[in-house]
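Numbers here are sequence positions counted from 1.
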Amino acid sequence: SCPPKAFLEAGFLRDLSECLAPRGLMAVNVVSRSQQAFEQAAEAFKQHFGKLFCIRAEDDINKVVLAFKGAKEEGPALGQLKKEGAAHLKKAQRSQAHQKDFLASIDSLVEL
């Protein structure tokens, strides 16, 4: 499983959160075949970050968790995040094929 257990410890996550800007973002790839292990990682993140979102790839053990610093009510709304993410990707990606792949990932974004 990934991230390693040391990266889920309270002290590490507290220090990481403190390093971020007031409206900072942590992105972490969680790799696990176990739903229980994923949920334990998500709970660890929730203790130190306000709002969590997850990009889940179909038939894949990888899940990308986006964790925003600050109170849960201060974090972005799911619709807002999808809209801004899609707009940014359209500007950043030169290839239409890459845009399609990344936009599909944004469509799969869910709030935890």
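Distance check, rounded to the nearest 0.5 Å: CZ of R14 to CD of Q47 gives 12.5 Å. In this structure, S32 OG and Q40 CD are separated by 9.0 Å, a value rounded to the nearest 0.5 Å. Note that NZ of K63 and SG of C2 are 12.5 Å apart. Values are rounded to the nearest 0.5 Å.
In this structure, the side chains of V30 and F45 come closer than 4.5 Å at one or more pairs of heavy atoms. Residues K51 and F53 meet the side-chain proximity criterion, which asks for heavy atoms closer than 4.5 Å.
Of all heavy-atom pairs between N62 and N29, the closest is OD1-ND2, 3.1 Å. Looking at every heavy atom in both residues, A37 comes nearest to S34 through N-OG, 3.1 Å. When every heavy atom of A44 is checked against every heavy atom of L8, the shortest pair comes out as CB-O, 3.8 Å.
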Exercise for the section: Would you sort out whether F38 and V65 count as a side chain to side chain contact (heavy atoms under 4.5 Å, CB included), showing the intermediate values? Expected result: CA-CA 10 Å; F38 173 77; V65 175; 3.9 Å; yes

Practice task
Given side chain to side chain contact (heavy atoms under 4.5 Å, CB included), test L52 with K46 step by step and report yes or no.
Solution key: CA-CA 7 Å; L52 297 174; K46 286 179 183 177; 3.1 Å; yes

Handout entry: Verdict with supporting geometry, L16 and H48, side chain to side chain contact (heavy atoms under 4.5 Å, CB included)
Key = CA-CA 9 Å; L16 179 61; H48 301 279; over 6 Å; no

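Figure legend: K69 and F49 shown without cation-pi pairing, the cationic atom not lying both under 6.0 angstrom from the six-membered ring centre and within 45 degrees of its axis.
The 12-atom threshold is exceeded at CD of E18, counting heavy atoms of other residues, nucleotides or ligands nearer than 6.0 Å.
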